[in-house]
Amino acid sequence: MTKKIVVTGGAGFIGSALVRALLARGDAQVVALDNLSSGKRENLEGVEGPLELVVADICNYDGIAPVIAGADTVFHLAAIPSVPRSVADPIPSHQVNTDGMFQVFRACHAGGVRRVVYAASSSAYGDTEVLPKVETMRANPLSPYAAQKLMGEYYASVFYNCYGLETVSLRFFNVFGPRQDPSSPYSGVLSIFNKCIMEGVSPTIYGDGEQSRDFTFVTDVAGLCIKASLAGPEVCGKVYNAGNGNRYTLNMVWETLQKIAGVSLPANYGPARTGDVKHSQADTTAAVRELGHAPQVSLEEGLRATLDWFRTL
Ligand code: UD1
């Protein structure tokens, strides 16, 4: 019998890329579980293979438990993302990212799921004195979002230790690529930068633009999720960085994007955001060694592919 794989947040930006990567392997039927709050049906348009979209909310245990039951693997990506959104409006993000996360782990345990891959966040590190950031560093969340995502790592490891549910946490660094929605002020910065290019307007950079991020292309993250789902039992209960291993300042990235697009739109600058981390860069040693992580897409290649996608809209 073909195995069932569930992707929570499967109609979202990263989830839909993961759904595509899973279906391309051709060995599973995939269920995208999404409440369509930020996910969209059109993110799954053109996807080929055995895919079902179930519209359900992870906060509703009775709604998700039958969908998850009997799955071989669950990728838990559903969340209300964004650091500044969690600072401005912490209750919904707490409910989804913490209470909803707990319901997903509960349903996975009750439903006999073989393995859960949990989308954790690099924001858990906060500001560290040393770069790159390695998994053995003490977590130091600076925002509600970071604290919520860190709680998910603790629950992942607790469900493994107490109940034997196989879990792996991947700390996503700043993921970018096609289908990242630029429409909210809380959207990922590279989707906003691409929208600015398309509209011929200058972006606003918060702070001096010298903050840096480990921008990671979405297909590389999806690939690592699949590797984490297939790795041996020694990875269970553990946390791995899911980054590219490089870091670029916002000023550098905006420069590069203008060059690629052949335009000149000097950025505006505004005050730095509360809860913002200054620098972020993944140490990929453990992910490479234990999960076989092998990021393929450079920042420039990823920016070109993303801009190409924005041009199709
Ligand atoms: C954070 C996390 C990431 C998490 C993501 C979820 C860190 C290091 N990263 O990303 O792991 O998955 O939240 O949403 O904590 N900015 C501008 N102009 C804009 C928009 C943003 O200058 O119009 C700046 C921000 O102030 C920030 C940087 O761009 O310095 C990146 O912001 P964003 O894309 O929102 O992601 P993070 O908050 O870094």
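Computation of the quantities below employed the complete heavy-atom set of this structure, encompassing side-chain atoms and omitting hydrogens, waters and symmetry-equivalent molecules. Since the structure is predicted, the reported quantities are computational estimates derived from the model, not experimental observations.
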Got a second to check how far [X]'s [atom1] is from [Y]'s [atom2], nearest 0.5 Å?
| X | Y | atom1 | atom2 | value |
| --- | --- | --- | --- | --- |
| Phe173 | Thr284 | CZ | OG1 | 9.5 Å |
| Cys196 | Asn268 | SG | CG | 9.0 Å |
| Ile58 | Met101 | CD1 | CE | 9.0 Å |
| Glu301 | Ile260 | CD | CD1 | 10.0 Å |
| Ser143 | Arg85 | OG | CZ | 13.0 Å |
| Asn244 | Ser298 | CG | OG | 8.0 Å |

- [ ] Applying salt bridge (charged side-chain N to carboxylate O under 4.0 Å, His left out), run through Asp181 and Lys40 and close with a yes or a no.
- [x] CA-CA 10 Å; Asp181 182 359; Lys40 296 181 194 140; 3.4 Å; yes
Is the closest side-chain heavy-atom distance between [X] and [Y] below 4.5 Å?
| X | Y | value |
| --- | --- | --- |
| Tyr118 | Ser169 | yes |
| Thr73 | Val116 | no |
| Leu303 | Phe176 | yes |
| Asp27 | Lys3 | yes |
| Ile226 | Leu22 | yes |
| Ile64 | Leu33 | yes |
| Leu307 | Met198 | yes |

Task: Worked check of salt bridge (charged side-chain N to carboxylate O under 4.0 Å, His left out) between Arg114 and Asp72 - done: CA-CA 5 Å; Arg114 180 190 61 87; Asp72 173 83; 3.0 Å; yes
Flag yes if [X] and [Y] sit in one hydrophobic cluster, no otherwise; membership is Ile, Leu, Val, Met, Phe, Trp, Tyr, and two members link when side-chain heavy atoms are under 4.5 Å apart.
| X | Y | result |
| --- | --- | --- |
| Met252 | Phe217 | yes |
| Leu250 | Val83 | no |
| Val30 | Val47 | yes |
| Tyr240 | Val117 | yes |
| Val221 | Val168 | yes |

Task: Sequence neighbours excluded, every pair satisfying salt bridge (Lys or Arg N to Asp or Glu O under 4.0 Å) that has a member inside residues 166-180 - done: Arg115-Glu166, Glu153-Arg171
- [ ] Give the intermediate values and the outcome of side chain to side chain contact (heavy atoms under 4.5 Å, CB included) for residues Cys236 and Tyr160.
- [x] CA-CA 7 Å; Cys236 293; Tyr160 179 58; 3.5 Å; yes
Is [X] reaching over with its side chain to a backbone N or O of [Y], donor-acceptor style, under 3.5 angstrom?
| X | Y | answer |
| --- | --- | --- |
| Asp34 | Ala11 | yes |
| Lys4 | Ala69 | yes |
| Ser202 | Pro266 | yes |
| Gln211 | Tyr206 | yes |
| Gln103 | Asp62 | no |
| Gln296 | Ala294 | yes |
| Asp214 | Ala282 | yes |
| Asn241 | Ser122 | no |
| Lys149 | Pro144 | no |
| Gln258 | Leu265 | yes |

Open item on the list: With side chain to side chain contact (heavy atoms under 4.5 Å, CB included) as the criterion, how do Thr306 and Leu190 come out once you've worked through the C-alpha distance, each side chain's angles and the decisive distance to 0.1 Å?
Closed with: CA-CA 9 Å; Thr306 309; Leu190 291 193; over 6 Å; no
Modelled atom types, side-chain donor and acceptor of [X] and [Y], under 3.5 Å:
| X | Y | result |
| --- | --- | --- |
| Tyr61 | Asp99 | no |
| Arg247 | Ser280 | no |
| Ser93 | Gln148 | yes |
| His279 | Ser212 | yes |

State, to 0.1 Å, how close [X] and [Y] come at their nearest heavy-atom pair, and which atoms those are.
| X | Y | result |
| --- | --- | --- |
| Ala286 | Glu135 | CB-OE2, 3.9 Å |
| Asp208 | Asn251 | O-ND2, 3.0 Å |
| Leu165 | Cys108 | CD2-CB, 4.0 Å |
| Leu36 | Val55 | CD1-CG2, 3.8 Å |
| Gly177 | Val218 | CA-CG1, 4.2 Å |
| Tyr145 | Ser86 | N-OG, 2.9 Å |

Open item on the list: If we check ring-ring contact (aromatic ring centres under 6.0 Å, His included) with Phe193, which of these qualifies: Phe310, Trp254, Phe215?
Closed with: Trp254
- [ ] Please assess Arg304 against Glu300 for the test salt bridge (charged side-chain N to carboxylate O under 4.0 Å, His left out), listing each intermediate value before the final yes or no.
- [x] CA-CA 6 Å; Arg304 284 182 190 280; Glu300 189 167 332; 2.9 Å; yes
TODO: Carefully, step by step, assess Cys59 and Val96 under the rule side chain to side chain contact (heavy atoms under 4.5 Å, CB included).
DONE: CA-CA 6 Å; Cys59 295; Val96 171; 4.2 Å; yes
Task: Electrostatic pair Lys238-Glu290, nearest N-O below 4.0 angstrom - done: yes
Open item on the list: Evaluate Arg213 against Asp276 for salt bridge (charged side-chain N to carboxylate O under 4.0 Å, His left out), listing each step before the verdict.
Closed with: CA-CA 11 Å; Arg213 293 291 184 269; Asp276 219 22; 3.3 Å; yes
Open item on the list: I'd like to know whether Asn174 forms a side-chain hydrogen bond (donor to acceptor under 3.5 Å, both in side chains) with Tyr248, so could you lay out the CA-CA distance, the side-chain angles of the two residues, the decisive distance to 0.1 Å, and finally the verdict.
Closed with: CA-CA 11 Å; Asn174 290 58; Tyr248 301 91; over 6 Å; no
- [ ] Decide if the gap between the ring center of Tyr155 and the ring center of Phe105 is smaller than 6.0 angstrom.
- [x] no
- [ ] Could you check Asp127 against Leu142 for side chain to side chain contact (heavy atoms under 4.5 Å, CB included), going step by step and ending with a plain yes or no?
- [x] CA-CA 8 Å; Asp127 284 322; Leu142 300 179; 3.7 Å; yes
Task: side-chain contact (heavy atoms from CB on, under 4.5 Å) partner of Val31, chosen from Val67, Val74, Thr8, Ile68 - done: Val67
